[in-house]
Amino acid sequence: MSLKLYNTMTRQKEQFQPRESKKVAMYVCGPTTYNYFHAGNGRMFVVFDMIRRYLMYKGYEVRYVQNFTDVDDKIIQRGNVEGMEPLALGQKYIEEYFKDALALNLLPATVHPKATEHIPEMIEIIQGLINTGLGYEVEGDVYFAVDHFPDYGKLSGRTLEDMKAGARVEVDERKHYPMDFALWKKAKPGEPAWESPWGLGRPGWHIECTAMSLKYLGAGFDIHGGGEDLAFPHHENEIAQTEGYLKGQTFARYWMHNAFLTINQEKMSKSLGNFFTVRELLVNYPGEVIRFYLLGTHYRSPLDFNDQNLVMAQKGLERLQTSVRLAQEAIERVGSLNNEQSQAELLKAASDAREAFEKAMDDDFNSALAYAALFELAKTMNGYVQEHPASSEGLVQAQKTLIELGEVLGLDLLHPANIQVENEEMMTQIMDAVLQIRSRSRQKKDWEMADFIRDVMKEKGILIEDTPQGARWQIKK
RNA sequence: GGCGGCAUAGCCAAGUGGUAAGGCAGAGGUCUGCAAAACCUCUAUUCCUCAGUUCAAAUCUGAGUGCCGCCUCCA
């Protein structure tokens, strides 16, 4: 099966053809580290992590680079508010990033380069652009001359004329052309600054991605990703400066952009103030639920954020987890059953699910459609366990498939987050005792006591369920 | 003003020419001391509106309505 993906550059789905046959080089624009990242940022990270995992599943060796913008205007501003050195603040939120990333089950990037550690590389590129006439210096600032780059606007589908007509920006008189953007910014007193041929200053926003992607992936790498709002101006400017610097070589082969997370149908953004940080959400929802919810809609469609949707996601995810658990209980039970017909049914269900899953994911990473394959498989497994409460090779294979496909989406169906316990052995022993006591009550038909025990445990967040094979328990908040 | 996107059941959401996936919620049933979970059955003659193309349209075309995004830092 061949993989198709939507390329923003051509505005259509294309056959994916990497630079090297079994390797994929991808660059995803990482966070500016002046705060915890919000749910909208989270969507982007989860989406590209899912894309990466699927590419790995397809057998590609993926080199994944995600930067940290750890110096910029907002970091400086926020540093003043928090009373921290801007660079220390940037470092702090880099550390916080990894905590939330872990909760969302994001794989660490192959390389997580920081802007502040690549200043010399950026200066070299800026110098190169000045030498070829694409960059010019004015009083310690350096700008990129967009009208000297003929392809300017090719990613976002606009022309310089369009932009001039709709310009809502105050024009800096020192720029040669209104749309020219900063490659290097002169430092004001007290700001973090680095030595350069143009005096003390710091890099413009776009240049870091050029420097770091070229350094770690080389020209013409495969996938460059980010949120929809980065297409213009960020990625457009990256293309201009990079392809200008490379004298026309292609910067990246495929451009992918995810749609926004919205609140009340409006974009979630830091400047509108209508955002939730992932850190805040984790108080009420496990990271896996947030992740499951984020992948329940195709990545190029807007996704509205609210509690109701998260609760629905939680229920859906629990259904898959329950199915894996029921299968696990049957597998662990003594006595294996080998009914040929149901064997065949399960094996077929597993291979059907895999096929449907791959078909969905091959079509521009349609994770929402892929979910359907997981639910279908879960249903068949549940039906089997219902009829035959014993293990079988078919069930083992089906469960294995469900877990594996879940893992491709970054979901650990075998180990739900809500049943992680600190002292598992102790917990198990205590619960064994509780269930023994309750079992005694039930044998005596002392339903009042049996129900009382169940109610008390439920209050403590432990759910007790009776089955023909005895009672079981699980943690459920 | 320029450019782009979206509109599918109570809710979420797939589906881009062949007769509406999946999830949540709801109804009935099986199982059960009860509960929970699970299983079975049911729940959109219809895809914002109108017109057109076609043997055939949620899917293509045109017009309209509504919502959203980018054009300024934003994932």
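Letters go in sequence order (proteins before strands), and every chain restarts at 1.
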Roughly how many Å apart are B:G23 and B:A38, using the P atom of each and rounding to a whole number? 11 Å
Heavy-atom pair of closest approach, residues A:L346 and A:A398: CD2-CB, 4.1 Å
Rounded distance in Å - CD (A:E465) to P (B:C31): 19 Å
Which is true for A:G226 with a 4.0 Å heavy-atom rule: it touches a base, it touches only sugar-phosphate, or it touches nothing? sugar-phosphate
Does A:D451 contact B:G33 through a side-chain donor or acceptor facing the base, at a distance under 3.5 Å? yes
Could you measure between the two C1' atoms, the one in B:A58 and the one in B:A44, and give it in whole Å? 12 Å
Do the non-hydrogen side-chain atoms of A:R291 and A:D49 ever get within less than 4.5 Å of each other? yes
Pick base, sugar-phosphate or nothing for A:N258, based on heavy-atom distances below 4.0 Å to the nucleic acid. base
Take the angle between the ring planes of A:F292 and A:Y371 and call it parallel below 30°, perpendicular above 60°, tilted in between. parallel
Mind calculating the distance between CG (A:N237) and C1' (B:C74) to the nearest angstrom? 14 Å
Over 60° means perpendicular and under 30° means parallel, so classify the ring planes of A:Y36 and A:Y93, tilted if in between. perpendicular
Say you pick atom P in B:G4 and the same atom in B:C47; how far apart are they, in whole Å? 28 Å
Both distances below 3.5 Å, Watson-Crick or wobble geometry, any strand: find the nucleotide opposite B:G28. B:C40
Tell me which nucleotide, if any, is Watson-Crick or G-U wobble paired with B:C11 when both distances must be under 3.5 Å. B:G23
Can you tell me how far P in B:U16 sits from the matching atom in B:C11, rounded to whole Å? 23 Å
A:L463 CG to B:A38 C1': how many Å, rounded? 14 Å
What nucleotide, of B:A35, B:A14, B:G33, holds the atom closest to the side chain of A:T297? B:A14
Side-chain contact test, heavy atoms from C-beta onward, threshold under 4.5 Å: evaluate it for A:V324 versus A:L402 and give yes or no. yes
Give me the distance, rounded to whole Å, that separates B:G18 from B:U61 when you measure between the P atoms they each carry. 16 Å
The nucleotide from B:A37, B:C70, B:A14 with an atom nearest the side chain of A:T322 is B:A37
Rounded C1' spacing from B:C39 to B:A20 in Å: 25 Å
Given the ring of A:Y299, does A:R43 sit roughly above its face, with NZ or CZ under 6.0 Å from the centre of the six-membered ring and within 45° of the axis? no
Side-chain donor or acceptor of A:R442 under 3.5 Å from a matching atom on the base of B:G33? yes
Looking only at side-chain atoms of A:Q386, point me to the closest of B:A38, B:C70, B:C11. B:A38
Contact class for A:F232 (heavy atom, under 4.0 Å): base, sugar-phosphate, or nothing? sugar-phosphate
Residue-phosphate contact under 4.0 Å: A:W473 side-chain N/O, B:A36 OP1/OP2: no
Going by the angle between their ring planes, with limits at 30° and 60°, are A:W205 and A:H234 parallel, tilted or perpendicular? parallel
Starting from C1' on B:A13, measure out to CZ on A:R43 and report it in whole angstrom. 12 Å
Measure CG/A:D72 against P/B:A75 and give the value in whole Å, please. 9 Å
Counting N and O atoms only, with roles assigned by atom type, does the side chain of A:N67 sit under 3.5 Å from a partner on the main chain of A:H112, one being a donor and the other an acceptor? no
Tabulate atom names and distances for all N/O pairs under 3.5 angstrom spanning the protein and nucleotides 20-27 of chain B.
none

From B:A75, B:A35, B:C70, pick the nucleotide closest to the side chain of A:H38? B:A75
Establish, yes or no, whether the cationic atom of A:K114 lies under 6.0 Å from the six-membered ring centre of A:F68 and within 45° of the ring axis. no
If pairing means Watson-Crick or G-U wobble with both distances under 3.5 Å, then the partner of B:C48 is B:G64
Please give the nucleotide sitting opposite B:C34 as a Watson-Crick or G-U wobble pair, both distances under 3.5 Å, or none. none
Taken to the nearest whole Å, CD/A:Q474 to P/B:A38 is 10 Å
Looking at the side chain of A:L230, which of B:A14, B:A75, B:A35 is the nearest nucleotide? B:A75
If you check the A:E228 side chain, which of B:A37, B:G69, B:A75 turns out closest? B:G69
Nearest-angstrom distance from the residue atom CG of A:D466 to C1' of B:A37: 11 Å
Taking 4.0 Å as the cut-off, does a side-chain nitrogen or oxygen of A:N41 come that near to OP1 or OP2 on B:A75? yes
Going by the angle between their ring planes, with limits at 30° and 60°, are A:F276 and A:F305 parallel, tilted or perpendicular? tilted
NA contact type, A:R438, heavy-atom cut-off 4.0 Å: base, sugar-phosphate, or nothing? base
Establish whether the base of B:C12 is bridged to the side chain of A:D304 by a donor-acceptor pair shorter than 3.5 Å. no
Does A:N366 have a side-chain nitrogen or oxygen under 4.0 Å from the phosphate oxygens OP1 or OP2 of B:A14? no
Pairing partner of B:C55, by Watson-Crick or G-U wobble and under 3.5 Å for both distances, is B:G18
For A:L261, answer base if it contacts any base atom (sugar-phosphate contacts may also be present), sugar-phosphate if it contacts only those atoms, and nothing otherwise; contact means non-hydrogen atoms under 4.0 Å. base
When the C1' atoms of B:C12 and B:C6 are compared, how many Å lie between them, rounded to an integer? 16 Å
Given B:G69, B:A35, B:A14, the nucleotide with the shortest approach to the side chain of A:E266: B:G69
Closest of B:A75, B:C68, B:A37 to the A:Q265 side chain is B:C68
How far, in whole Å, is B:A9 from B:A14 if one measures between their C1' atoms? 14 Å
Between A:R78 and A:Y34, is NZ or CZ placed under 6.0 angstrom from the six-membered ring centre and within 45° of the ring axis? no
Looking only at side-chain N and O atoms, does A:K476 come under 4.0 Å of OP1 or OP2 in B:A36? no
